[in-house]
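Numbering of residues begins at 1 and proceeds along the displayed sequence.
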Amino acid sequence: MAQEYGYRWGHSGLTADFDLDGDTPRLVRLARPGDHDLKGAVEAALPLGLPGWTDEWVALGLRAPVAGATYLTVWRRGGGVAELLLPVPHLAGLGDARVEVLHPSTAAPGAGRAEWKGKGVRVRLGEAPAVLLVRITAGD
């Protein structure tokens with residue numbers, strides 16, 4: 001069963017306190033895709049429940065209601081199963097939802113895949129350890 005709770009997102013402008021020059025600020029922005037969507041109230045969920053120490057899969061969901069986006073980060077830590085369906089209850093029943101892979105780049109070798117399956121997102125990851133970050137929005 002998924003665990004949910006709400007909290008206020010922290011300050012994303014912390015880099016302004018440091019003396020960053022060159023490409024560093026640009027790289028920091030690139031490392032935080034969609035961060036602007038996460039300002040304000042954010043609801044977090046654990047689609048697979050609280051992870052156990054030896055679980056093969058771990059997932060964290062962040063819902064930004066104001067922006068209308070949900071983010072899922074999925075880690076594959078081991079095991080033989082390379083595919084998993086993650087429930088997304090607040091979007092269940094949508095005929096279509098847009099799923100966009102944010103990390104790693106879909107051009108990266110062995111990059112994961114994700115697609116909407118009516119009640120959740122089906123993810124496929126390559127050899128463990130692997131990670132996938134996706135943004136889900138209601139279909140147009």
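- In this structure, Arg76 contributes its side chain and Val81 its backbone to a donor-acceptor pair below 3.5 Å.
- Closest of all the heavy-atom pairs between Ala59 and Leu46 is O-CD2, 3.7 Å.
- Side chains of Glu100 and Val134 form no contact here, defined as non-hydrogen atoms less than 4.5 Å apart.
- The two residues Lys117 and Leu85 have their closest heavy-atom pair at CB-CD1, 4.0 Å.
- The structure places CH2 of Trp75 at 5.5 Å from CG of Leu60, a figure rounded to the nearest 0.5 Å.
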> Could you go step by step and tell me if Lys119 and Val88 meet the side chain to side chain contact (heavy atoms under 4.5 Å, CB included) rule?
Replying inline: CA-CA 6 Å; Lys119 293 183 180 179; Val88 185; over 6 Å; no
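- Expressed to the nearest 0.5 Å, how far CG of Leu132 lies from OG1 of Thr73 amounts to 8.5 Å.
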>> Evaluate Glu115 against Arg122 for side chain to side chain contact (heavy atoms under 4.5 Å, CB included), listing each step before the verdict.
In response: CA-CA 5 Å; Glu115 62 182 326; Arg122 181 173 307 281; 4.2 Å; yes
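- How far CD1 of Ile136 is from OH of Tyr71: 10.5 Å, rounded to the nearest 0.5 Å.
- Residues Gly61 and Pro47 approach most closely at N-CD, 4.0 Å, considering heavy atoms.
- The CG atom of Asp55 lies 8.0 Å from the CG atom of Leu48; values are rounded to the nearest 0.5 Å.
- Within 6.0 Å of CZ in Arg113 there are 12 or fewer heavy atoms belonging to other residues, nucleotides or ligands.
- A distance of 12.5 Å separates CG of Leu62 from CZ of Arg135, quoted to the nearest 0.5 Å.
- The shortest side-chain heavy-atom distance between Trp57 and Leu86 does not fall under the 4.5 Å cut-off.
- The only member of Leu133, Leu102, Val99, Val121 that meets side chain to side chain contact (heavy atoms under 4.5 Å, CB included) when paired with Leu72 is Val121.
- Taking CD of Glu83 as the reference point, atom CG of Leu125 lies at 10.0 Å (rounded to 0.5 Å).
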